[in-house]
Amino acid sequence: MLKYILRRIAYAIPIALSVSVVCFMLVHIAPGDPIDAIVPPDTPKDVVEQVRKDYGLDKPLPIQYAVWLGHVLQGDLGRSIATRRPVAGDLILAARKTFVLALTAAMFGFAIGIFLGSLAAFFKGTWIDRLAVSFAVGGVSVPHYWLGMVMVIFFSVLMNVFPAMGAGPGDWQWDWQHIQYLILPALTLSCTPIGLLTRTVRGIVSEILNQDFVTTLRGKGLRNRTMMLHVVKNAAPTILAVMGLQLGYLMGGSILVETIFSWPGTGSMLNAAIFRRDIPVIQGATLVLAMFFVMLNLIVDIMQTMIDPRIVRK
Amino acid sequence: MSTASTTSPDISGASASGPKKQQGYWAGVGSRVRRDKITLICGGILLVMFLLIVFAPWIAPYDPLQGSMARRLKPVGWQGHLLGTDELGRDMLTRLMYGGRYSWFVGITPVTIAFAIGGSLGILAGFVGGKVNMLIMRATDVFYAFPSVLLAVAISGALGPGIFNAILSMTLVFIPPLIRVSESVTTSVRNLDYVESARATGASAFTIVRVHVLPNVMGPIFVYATTLISVSMILASGLSFLGLGVKPPTPEWGMMLNTLRTAIYSQPLLATLPGICIFVTSLCFNLLSDGLRGAMDVRN
C-alpha cells in the first residue's frame, strides 16, 4: 500500500515537470519577441539588449527554463506587465476566491448529481429515470456562460433577489453578505458536474444492482437501506475519481462564469490578462491551476486505493 | 495516419446517410436510427440549422454588418425584423445565420482534425505497443494534467485572438482524449484470436490493420469523437465570448452573446438568443451522438 502511494507520487513528479514545461513554453509560443512584453516599444536597441541579458532571455531555452523553474519553486512567478506587481501575490488572492466558488459549485453539483443518478438507477426505465437523464443531458449541453446570463436576468434583473456581480465587499467571509454573491455563479457552474455525475452514478449504480451479489443479498432478505451500503461501497472509487476530476475542471474552467459574474478569481484575472496580452499572468495562473489539478488527481488516486485495495493490484 | 483518414469519411458518410446496401451492419444501424425518434428529431433540427447557415448569403433577409442606429435593440418580432435587432441596429436573424457559420466551423473542425490525428496516434500506440505506446501515452498524460478549458484558454490566450489560433488550441485539447480512447479499443482488438491467426497466416502488419483492426475500432472512435462535438461547440463559442475567436463586426454566436450582455436589462430575451442557438446545437449533437452510440451498439 505504502509502496503504491510512493510510486504514485514518484510518477506525479515527471508529470508536474512536463506541465511546467508546457506553461513555460506559453511565453515562447506567443507571437513576437518576449522582450517586447518587458520594455516599452520605443526603447533604444542597446538598452533592449541589456534588458535581454538581465532577464536571461539571450540564453538557450533549456537554461531559461531551469532559471524560470528555480524562481517558480521559490514562489516567484514574475511580474505582471500591466500592473508591474508580482504575479504570485495577486494569484493567491484570486485563487482563494476561485476555490470558494469551485468548491461550492462542486459540493452542490455532487450532491444533486449523486442523488439524481442513484434515483435514476433505482427506478430505471420509469419516468423518474427519463426525467433525470434529460436533466443530465441538459446539464452537460448547456453553455454555462449563457446560463449565467439567464440567471442574472431572472434572479437579479427581474426578481432582484441576488446581486449580479462581484464577490461582496472586502475579503471573503462565510456570512450572508458574501454568500448572496456566491449563489448565482455557483449554481451556474454546478450544471456540468450535475449532468456528468447523474450520468456516471446512474451507469455505475445500475450496473452494480445487476450483479450477482446483489441478487444474493436480496435473496438473503436484506432491506433496501442496508443494500445501499453495499452499493455505495462498490460505486465509491469510480465516483470519487469523477468528482476529483470535476473539482479540478471547475477550478480551471471557471473563467467564463467568473467573467459573467465579475467574480474576482483566477478566471477574471486570466480574462483581463488575455485582453491586455499580459503573458506572465496567463502563464502563472495556468501553472498554478494545472498544478492544483495534478495534486488533486494524486490525492484522488491515493484515496481510491484506500477505499478499494483491489485497484493497487491492477 | 493515411489509413485512418481514408477510412473515416467512409464511416461518417455511411452513418450520416443511413443504410448502405453493401453492409449488413450499417443497414442495421440505419434502421435502428430510423426507429429512434429523439435522434431523428435532433438530426432534423441540426440539418435545418446547417442549411440555414450554409445558405445564409442567399436567404438571409438583411446584411449582417449593416445596421442603423435608429433601429438598435428592437424587440423580437419588431416590424420586418423577425428576431429583433442588436446593439448596433443589425438584424438578429441575419446575424445568427451568419454567426452560425463560424460557430459550427470552429466547433467541428478541431474535433475532425483531432479525430484524424488522435485516432491515428492511438491506433499506432495500441497496435505497435512497447516503446511507441509508452512514448505516445506518456505525452498524452501531460496534456491530461490540464483541465481542458484552461488548456484551450491558455494556449489561445498566448497565441492571441483569431479563428486559426482558436482551432489550433482546441485541436490540441481534443487530441489526447481521442488518443486514449483509440489506444484502448485498439489494444483490446489486437489481442483477439482472429488477429493472432491473421498474423500466423503471414499477413503483413498493414493488412492486419486495414482488414482486421480498422473496421473494428473506427466505430467506437467515431462515436466518441461525435460526443466531443457538443463540448467543442460550447468551447468554441466560449473562446470567442472571451474575445479569442473572430474579430468584430464578424458575427459569431459566442461573441454576439458577449456584446449583447449590456442589453440584458432592456432586451433580456434578445440578449440570450445567441446562447439559445449554442444550447440547441450542443444539445442536439449530444443527443444525436447518444442515439448513434445506441444504434451502433458501442459501449462506453
Side-chain angles (χ1 to χ4, degrees), chain A residues 11-12 14-16 18-19 21-23 25-32 137-138 140-147 149-150 152-154 156-158 164 203 245 248-256 259-260 266-267 270-271 273-275 277 279 282-283 285-286 289-294 297, chain B residues 38 138-139 141-161 165 168-169 227 230-231 233-235 237-239 241-244 253-254 257-258 260-261 264-266 268-269 271-287 290 300:
Chain A
Y11 179 64
I15 292 283
S18 322
V19 165
V21 171
V22 173
C23 292
M25 288 311 291
L26 282 178
V27 174
H28 297 273
I29 61 165
V137 177
V140 293
S141 311
V142 70
H144 44 277
Y145 38 96
W146 171 77
L147 185 66
M149 270 173 73
V150 174
V152 168
I153 288 170
F154 270 101
S156 305
V157 180
L158 296 179
L245 275 177
Y249 282 139
L250 294 184
M251 274 295 278
S254 63
I255 175 164
L256 285 151
T259 307
I260 289 275
T266 45
L270 258 176
N271 187 23
I274 287 167
F275 191 66
R277 299 212 44 72
I279 304 285
I282 299 181
Q283 187 185 41
T286 309
L289 292 171
M291 284 304 164
F292 177 80
F293 195 50
V294 173
N297 277 332
Chain B
I38 296 176
R138 288 298 89 85
D141 285 353
V142 174
F143 287 93
Y144 256 91
F146 288 91
S148 48
V149 176
L150 179 69
L151 187 62
V153 167
I155 294 174
S156 66
L159 289 172
N165 290 344
L168 181 68
S169 66
T227 64
S230 151
V231 182
M233 297 287 303
I234 296 178
L235 191 54
S237 292
L239 285 179
F241 183 88
L242 294 171
L244 288 170
W253 291 343
L257 198 62
N258 194 6
L260 280 166
R261 266 169 76 198
I264 58 169
Y265 296 96
S266 52
L269 176 64
T272 56
L273 279 178
I276 295 174
C277 291
I278 305 170
F279 188 22
V280 169
T281 313
S282 147
L283 187 68
C284 286
F285 269 119
N286 234 332
L287 291 169
D290 274 359
N300 219 339

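Keep in mind the model is a prediction, meaning the values are calculated, not measured.
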Discussion item. Please find the pair of heavy atoms, one from A:S141 and one from B:I234, that lie closest to each other, and give the distance.
Written reply: O-CD1, 3.2 Å
Worksheet item: Do other residues, nucleotides or ligands put more than 12 heavy atoms under 6.0 Å from the CD1 atom of B:I38?
Response: no
Practice prompt. Measure the spacing between NE2 of A:H144 and CD1 of A:I260 and express it to the nearest 0.5 Å.
Written response: 9.5 Å
Worksheet, complete the sentence: Note: vs chain B, highest number of non-hydrogen pairs under 4.5 angstrom among A:I15, A:V21, A:L256, A:I282 is A:L256
Worksheet item: Between B:L244, B:I278, B:L242, B:I264, which shows the greatest number of heavy-atom pairs under 4.5 Å with chain A?
Response: B:L242
Worksheet entry | Max heavy-atom pair count under 4.5 Å with chain A, selected residue of B:I155, B:L287, B:I276 | B:I276
Discussion item. Given 3.5 Å as the limit, does a donor-acceptor pair link the side chain of B:S156 with the main chain of B:N165, or not?
Written reply: no
Worksheet entry | Sidechain-backbone polar pair: B:T272 side chain, B:L269 backbone, donor-acceptor under 3.5 Å | yes
Practice prompt. Could you tell me which of B:G238, B:S230, B:G243 has the largest number of non-hydrogen atom pairs under 4.5 Å with chain A?
Written response: B:G238
Worksheet entry | Segment of A:F154 engaging chain B (4.5 angstrom heavy-atom cut-off) | neither
Discussion item. Determine whether B:T281 and B:W253 satisfy the following criterion, side chain to side chain contact (heavy atoms under 4.5 Å, CB included), listing intermediate values before the conclusion.
Written reply: CA-CA 11 Å; B:T281 313; B:W253 291 343; 3.3 Å; yes
Worksheet item: At a heavy-atom separation under 4.5 Å, does B:A152 approach chain A through its side chain, its backbone, both, or neither?
Response: neither
Practice prompt. Measure distances from B:F285 to the heavy atoms of chain A and classify the residue's part below 4.5 Å as side chain, backbone, both or neither.
Written response: neither
Discussion item. Testing the basics here: between B:P161 and A:R277, what is the closest heavy-atom pair and its distance to 0.1 Å?
Written reply: CD-NH1, 4.4 Å
Fill in: Contact class of A:I29 relative to chain B, heavy atoms under 4.5 angstrom
both
Discussion item. For a side-chain hydrogen bond (donor to acceptor under 3.5 Å, both in side chains) check, start with the C-alpha distance between A:N297 and B:Y144, then their side-chain angles and the critical distance, and finish with the verdict.
Written reply: CA-CA 10 Å; A:N297 277 332; B:Y144 256 91; over 6 Å; no
Practice prompt. Please look at B:F279 and chain A and tell me whether the side chain, the backbone, both or neither of the residue comes under 4.5 angstrom of a heavy atom of that chain.
Written response: both
Item to complete: Considering only heavy atoms and a distance below 4.5 Å, find which of A:L270, A:V294, A:V150, A:I255 pairs most often with chain B.
Response: A:I255
Worksheet, complete the sentence: Bottom line for B:S237: the part with an atom under 4.5 Å from chain A's heavy atoms is both
Discussion item. Looking only at heavy atoms and a cut-off of under 4.5 Å, which of A:T266, A:L245, A:V22 has the most pairs with chain B?
Written reply: A:V22
Worksheet item: Most heavy-atom pairs under 4.5 angstrom with chain A, which of B:L159, B:V153, B:V149?
Response: B:L159
Worksheet item: Are more than 12 heavy atoms from other residues, nucleotides or ligands located less than 6.0 Å from atom OH of B:Y265?
Response: no
